[in-house]
Structure formats: C-alpha cells, structure tokens
Amino acid sequence: MEKGDNAAPPNRLTAANDNGTGTESPSVDIDTALIRIAEAIGRHIARQHIRACRAANDNEP
C-alpha cells in the first residue's frame, strides 16, 4: 500500500459462516447431549463385544 491509501472498508466481506456473536444461550444443554452420545457409543461397543464373545465360543450344543 502506498502512503495515503485507506484500508479496505469495514464489513466489505463477511464470512460464510457468520452466525452472529453467539451471545444467545443454546436451547439444548451441550453437556447433556454429549453424555447421551457417549452412553449410546458405549452401549454399541458393549453389544459388539458380547457378539464377538458368543461367536468365538460357538461349540456349545
């Protein structure tokens, strides 16, 4: 830039993901949602583990 040039005018470009300042409180408690997701993942892993143990011991009548 040369002497006397002005910087780009403010608000010339806005980000595509400009969702505001984020001062509003979320309608869903994030911690509660994360706990529910973690519980679901844990149950899924436990089911997979139980199925694998049953498949490995398939010599029962």
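The first residue in the sequence is number 1, and the count goes up from there. Values in this document were obtained by computation on a predicted structure and should not be read as measured data.
- The other members of the hydrophobic cluster of Ile45, by chain and number, are Ile37, Ile41 (side-chain heavy atoms under 4.5 Å, ILVMFWY only).
- Taking the side-chain hydrogen bond (donor to acceptor under 3.5 Å, both in side chains) definition, one finds that His49 meets it with nothing, sequence neighbours left out.
- The side-chain hydrogen bond (donor to acceptor under 3.5 Å, both in side chains) test applied to Glu39 returns no partner, not counting sequence neighbours.
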